[in-house]
*Asks:* 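Quick one: structure below, then a few questions.
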There are 2 protein chains.
Amino acid sequence: MGNRPTLIDVAKAAGVHLSTASRALNESTSAQISPETVKKVSKAARDLGYTINTVARGLRTKRTQTIGVIVPDLTNPIFPPIVRGIDSFLGPRGYSVLVVNTDNDPESERNHFESLMRRQVDGLIIATGHTDKIILANYHNQGITAVMVNREAAGAPYPAVVGDDASGINLGVAHLAALGHKKLLHLTGPAESSTSRTRAQAFSAACKNHGLQGKIIKCSAYSIDAGQSAMDKFLNQNLHTITGVVAGNDLLALGVYHSLRAHGLKCPQDVSVIGFNNMPFANDFQPPLTTIDAPHYEMGVQAARIILNEIEGEASSPVKIMLPVTLIVRGSTAVAKKI
Amino acid sequence: MGNRPTLIDVAKAAGVHLSTASRALNESTSAQISPETVKKVSKAARDLGYTINTVARGLRTKRTQTIGVIVPDLTNPIFPPIVRGIDSFLGPRGYSVLVVNTDNDPESERNHFESLMRRQVDGLIIATGHTDKIILANYHNQGITAVMVNREAAGAPYPAVVGDDASGINLGVAHLAALGHKKLLHLTGPAESSTSRTRAQAFSAACKNHGLQGKIIKCSAYSIDAGQSAMDKFLNQNLHTITGVVAGNDLLALGVYHSLRAHGLKCPQDVSVIGFNNMPFANDFQPPLTTIDAPHYEMGVQAARIILNEIEGEASSPVKIMLPVTLIVRGSTAVAKKI
DNA sequence: CTAAATCCTGCAATCGATTGCACAGATGTA
DNA sequence: TACATCTGTGCAATCGATTGCAGGATTTAG
């Protein structure tokens, strides 16, 4: 790659010592240098097209101004907004983001973690559900600063930024109750994930509160296919026993759509469906999906804010930030059918 | 972050000199060291939990094993697959990926470019349509190695990996022709983008070939809103003058959906619509979108392959790789309505 | 048995910055 | 006038690796 000028070149051009040039160019040390010298050095730097070599700086300062972001899969539509939120906060502050995908594979997660460590990232933002408490405690003991986003690990030593899952599920159940539904089904995601557990518990509680009957079935992953096969299995032995579905997320809801169609059921006429996340294009599905909007971009922003604070300020206590969610009513929910 | 052991610690533990430890641990130099010494050093490294500091190595070797990926917007669903394709090829080969979003803003693009340079990336994969030939030539003069993906700049000094846009559009037009459509409309994207021009030209050519009437309208961006407003404008003065639409991409097609609905037209009964890209969830739209599948993941893989070749091998001539596309027929196209 | 070649390993320079310390000259204080 | 303080700059060590070169030990050749 290009042979860009170094600080020595700038110093020579300005007729000062290397260290003077360094101080002149550095925000925090330029006060030590006389204004004329600063001007001279800045001009030389500009003339030569000097840009700092962050690798060299990083070696000396032990700060790379790089944050590692660990996600399961960037093609899952909820993650790009999170990543952009992180980036939008960090970018203007001189930080860059290294994104890795683990596909929820612990082996892959370990490898990527090692790779990020080798690269001397200043901190980690973890969005994978899989990472268990032992690993996290381990990270913490190694002195690694990190923040969880969209997932929380109860008892984990790190701050977390999450959506208010429980009240989201509540909103969904209340909406169905108001439409006259009595018998509901919840599709829950993998048990390792904290969101799965939170949402499932909230579902049970909300059903009880509203005096509804609520069943729960498990999905092996947060994917369309997993949702579809779980729903297929359910419908094969329980046709016409429920009128409303609260899916663990939008992908599962989409799987439910497919399954309903395959079983000759219409949404929302026969069965109402509610998703979670309000993923991009949820409004363009068939039918447009009623769902809980979780502020993913904002979650990214908040996670970035916290980690920067931990890196540059002093370590705060492991706070938990819970962002509010809202119900978006679209075409997949309707008045309950008599069954 | 953690105080990990350095090479000196390993060398001491193994009772050898720093440089010997370095050579022992390095694939390409370990042959210079006696097998027993290599074993001793490896054991010491393992025992201490040593991992190399890539920042220090990067300073010395002038290779950071990092590739910068410049995209307009990660939340645009075609980019995550590209990024994952890149990552899947580069990751196992020891490279990491720094993704930046420009939002198609030249100022932002320049800033991000500078940031990547400061970080000493080994190469750039550019997926932004906006980057013009002058800038690219400029990069090239600075000795920067780069590859274009999903966009090509004719006459640019860099290799490019693209989908076969022209034959994709051909497939679409042929499909509509076979369904009896006579009057078609093409929504083209921003003129700066090479794909826009290629697709528009292919559309005109294909219409001529099939003896069809083909109109073209421009959209200000590749977005739902831009597609909708362009289509609105068209329909307001040209209701019932076309029966088929070939959109510049899936997002524009979605905009067309919205516009048709607002004008009381049904897809596909009144108007057939074809998209481009086969973005995720295109099958779940209302109606499921007939579209051209472009192999984005594979494009990422190929771009990564080429750039690694340029970095590690010798610079090849600026090749252009054109990946085949296929027509995916779903529910948005039907036999033409009489108008 | 000696000279040459080969094999290992250590020494030290280097990559491009940052930063504690020293010191010269200017300024302030009594 | 004498001494303390302050300002601005330079010197040199340092971050953690890689790598050309030198040289001792060992092997091979003649």
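Chain letters run A, B, ... following the sequence lines, proteins first, then strands; residues in each count from 1. Since we're looking at a predicted model, the values are computed, not measured.
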*Asks:* Between atom CG in A:Leu18 and atom C1' in D:dT9, what is the gap in whole Å?
*Replies:*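 Rounding to the nearest Å, CG of A:Leu18 and C1' of D:dT9 are 12 Å apart.
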
*Asks:* Rounded to the Å, how far apart are B:Ile8 CD1 and C:dG10 C1'?
*Replies:*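 That distance rounds to 14 Å.
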
*Asks:* For a quick check under 3.5 Å, do A:Tyr158 and A:Thr145 share a side-chain donor-acceptor pair by atom type?
*Replies:*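 No, no side-chain donor-acceptor contact under 3.5 Å.
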
*Asks:* Just compare C:dG10, C:dT19, D:dG16 and give me whichever is closest to any side-chain atom of A:Arg23.
*Replies:*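 Of the options given, the side chain of A:Arg23 lies nearest C:dT19.
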
*Asks:* Taking only distance into account, with no hydrogens and no angle test, what donor-acceptor pairs under 3.5 Å do side-chain atoms of residues 13-28 of chain A form with protein atoms, sequence neighbours excluded?
*Replies:*
unit_1  : atom_1 : unit_2  : atom_2 : d
A:His17 : ND1    : A:Ser19 : N      : 3.0
A:His17 : ND1    : A:Ser19 : OG     : 2.9

*Asks:* What parts of residues 26-43 of chain B reach DNA chain C, counting only heavy atoms under 4.0 Å away?
*Replies:*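 B:Gln32, B:Ile33, B:Ser34, B:Thr37, in order of number.
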
*Asks:* Within the structure shown, what part of the strands sits under 4.0 Å from A:Ser22 by heavy-atom distance: base, sugar-phosphate, or nothing?
*Replies:*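 Base, at least one base heavy atom under 4.0 Å.
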
*Asks:* May I have the distance from A:Asp9 (atom CG) to C:dA17 (atom C1'), rounded to whole angstrom?
*Replies:*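 Computing the A:Asp9:CG to C:dA17:C1' distance gives 13 Å.
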
*Asks:* Taking only side-chain nitrogens and oxygens of A:Lys62, does any of them come within less than 4.0 Å of OP1 or OP2 of D:dG16?
*Replies:*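 Yes, because at least one side-chain N or O of A:Lys62 sits under 4.0 Å from OP1 or OP2 of D:dG16.
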
*Asks:* What's the CZ-P distance between B:Arg60 and C:dA17, to the nearest Å?
*Replies:*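 Atom CZ in B:Arg60 sits about 16 Å away from atom P in C:dA17.
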
*Asks:* Are the side chains of A:Ser88 and A:Tyr297 in contact, using a 4.5 Å heavy-atom criterion?
*Replies:*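 Yes, at least one pair of side-chain atoms sits under 4.5 Å.
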
*Asks:* Pull out every residue in residues 49-57 of chain B that has a heavy atom closer than 4.0 Å to any atom of DNA chain C, ordered by number, or say none.
*Replies:*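 Close to the strand, none.
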
*Asks:* Using a 4.0 Å heavy-atom cut-off, does B:Thr61 contact any base of the nucleic acid, only the sugar-phosphate backbone, or nothing at all?
*Replies:*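 Sugar-phosphate: the residue B:Thr61, judged by heavy atoms under 4.0 Å, touches backbone atoms but no base.
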
*Asks:* Could you check whether B:Arg93 makes a cation-pi contact with B:Phe89, meaning its NZ or CZ is under 6.0 Å from the centre of the six-membered ring and within 45° of the ring axis?
*Replies:*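 Yes.
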
